[in-house]
Amino acid sequence: MQDLLRGRVVAAPGPASPATVAGLDVAYDDSGQRLGAAVVVLDTGDLSVLDTAVVRGRPAFPYVPGLFAFREVPALLAALDRLTVRPEVLICDGHGLAHPRRFGLAAHLGVLTDLPSFGVGKTRLVGEWEPVGATRGSRSALVDGGEPVGAVLRTQTGVKPVFVSVGHRIDLDHACALTLRLAPRYRLPETTRVADRVCRDLLT
DNA sequence: GCGACAG
DNA sequence: ATCTTGTCGC
């Protein structure tokens, strides 16, 4: 399925300066039998929350590295469907092309929605990189099998970097620039932080 | 056979 | 992802 859908990924420059971005995340209960998914739309200017949509349900697939999208995509699509504001870019908790078959969650969601998308992961799935500079904004190429698949980006000086990789209709430089703009104070972009908080609250 | 392995 | 325990720093 991934090998098939991968052919629908579009590599495009930009987007220049999106006014809205969406953050997506999923949380699970203690049993792992229930999940809560959230999509939040933020204004890139002041990082204010413009819209929120949530969904509760069951995992559609077990967690298997490389097949992560099959677990969370159904719930995230359902949540996206409930949005009132149409986001210009999707920022996913996970990887885009930095995937064994170059089709991680961010690429998967991008193709299915045809919205520009990229992933910001907390840990690596594939690839190697040279040490990243210690200051905010420093980045190092993430390379897998000899090809560049993303960037290891320092969003806060002296804090562990994040892994940025494009999904659909966006280039790496714009993805990194957006990530930095959305992470003025913490390691992760506000989109991810807000979505994480919202979906976690669904389980309590 | 052994280590790696998004969330 | 989720959980615990402990430490460091503002």
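Side-chain atoms are counted along with the backbone in the values below, which use heavy atoms only and exclude waters and symmetry mates. Proteins get letters first, then strands, A, B, ... in listed order; numbering begins at 1 in each. Please read these numbers as outputs of a predicted model, since none were measured by experiment.
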Check: A:E190 side chain, A:L182 main-chain N or O, donor-acceptor pair, under 3.5 Å: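 Absent.
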Calculate the interatomic distance between [X] atom [atom1] and [N] atom [atom2]; express it in whole Å.
X      : N     : atom1 : atom2 : answer
A:Q33  : C:dT2 : CD    : P     : 14 Å
A:D25  : B:dA6 : CG    : C1'   : 12 Å
A:R101 : B:dA6 : CZ    : C1'   : 12 Å
A:L35  : C:dA1 : CG    : P     : 13 Å
A:E72  : C:dA1 : CD    : C1'   : 8 Å
A:R187 : C:dG9 : CZ    : P     : 20 Å
A:H95  : C:dA1 : NE2   : P     : 12 Å
A:F163 : B:dG7 : CZ    : P     : 9 Å

At under 4.0 Å between heavy atoms, what does [X] touch on the DNA or RNA strands: base, sugar-phosphate, or nothing?
X     : answer
A:Y28 : sugar-phosphate
A:A27 : sugar-phosphate
A:L67 : base
A:D30 : sugar-phosphate

What are the atom names and distances for every N/O pair under 3.5 Å that joins the protein to nucleotides 3-5 of chain B?
from, atom 1, to, atom 2, distance (Å)
B:dC5, OP1, A:R124, NE, 3.1

Check the pair A:D25 / A:R200 against salt bridge (Lys or Arg N to Asp or Glu O under 4.0 Å), numbers first and verdict last. CA-CA 9 Å; A:D25 196 23; A:R200 200 169 304 198; 5.7 Å; no
Quick check for you: to the nearest 0.5 Å, what is the distance between A:H174 atom NE2 and A:C176 atom SG?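 One gets 11.0 Å once the value is rounded to the nearest 0.5 Å.
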Going from CZ on A:F103 to CG on A:L97, what distance comes out if it is rounded to the nearest 0.5 angstrom?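 Rounded to the nearest 0.5 Å, the CZ-CG separation comes to 9.5 Å.
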Quick one: sort the A:F70 and A:H108 rings into parallel, tilted or perpendicular, breaks at 30° and 60°.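 A:F70 vs A:H108 ring planes: perpendicular.
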Salt bridge or not for A:R193 and A:D196, using N-O below 4.0 Å?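 Not counted as a salt bridge, because no side-chain N and carboxylate O are separated by less than 4.0 Å.
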Would you mind checking if A:D114 and A:R8 are paired as a salt bridge, meaning a charged N to carboxylate O distance below 4.0 Å?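 Looking at A:D114 together with A:R8, the answer is no, because their closest N to O distance does not fall below 4.0 Å.
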Tell me which residues in residues 104-121 of chain A lie within less than 4.0 Å of DNA chain B, going by non-hydrogen atoms.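 DNA chain B contact set from residues 104-121 of chain A: A:G104, A:L105, A:G121.
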Reckon A:K122 has a side-chain N or O less than 4.0 Å from the OP1 or OP2 of B:dG7?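 Yes, because at least one side-chain N or O of A:K122 sits under 4.0 Å from OP1 or OP2 of B:dG7.
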Interface polar pairs with nucleotides 4-7 of chain C, N/O, under 3.5 angstrom:
none

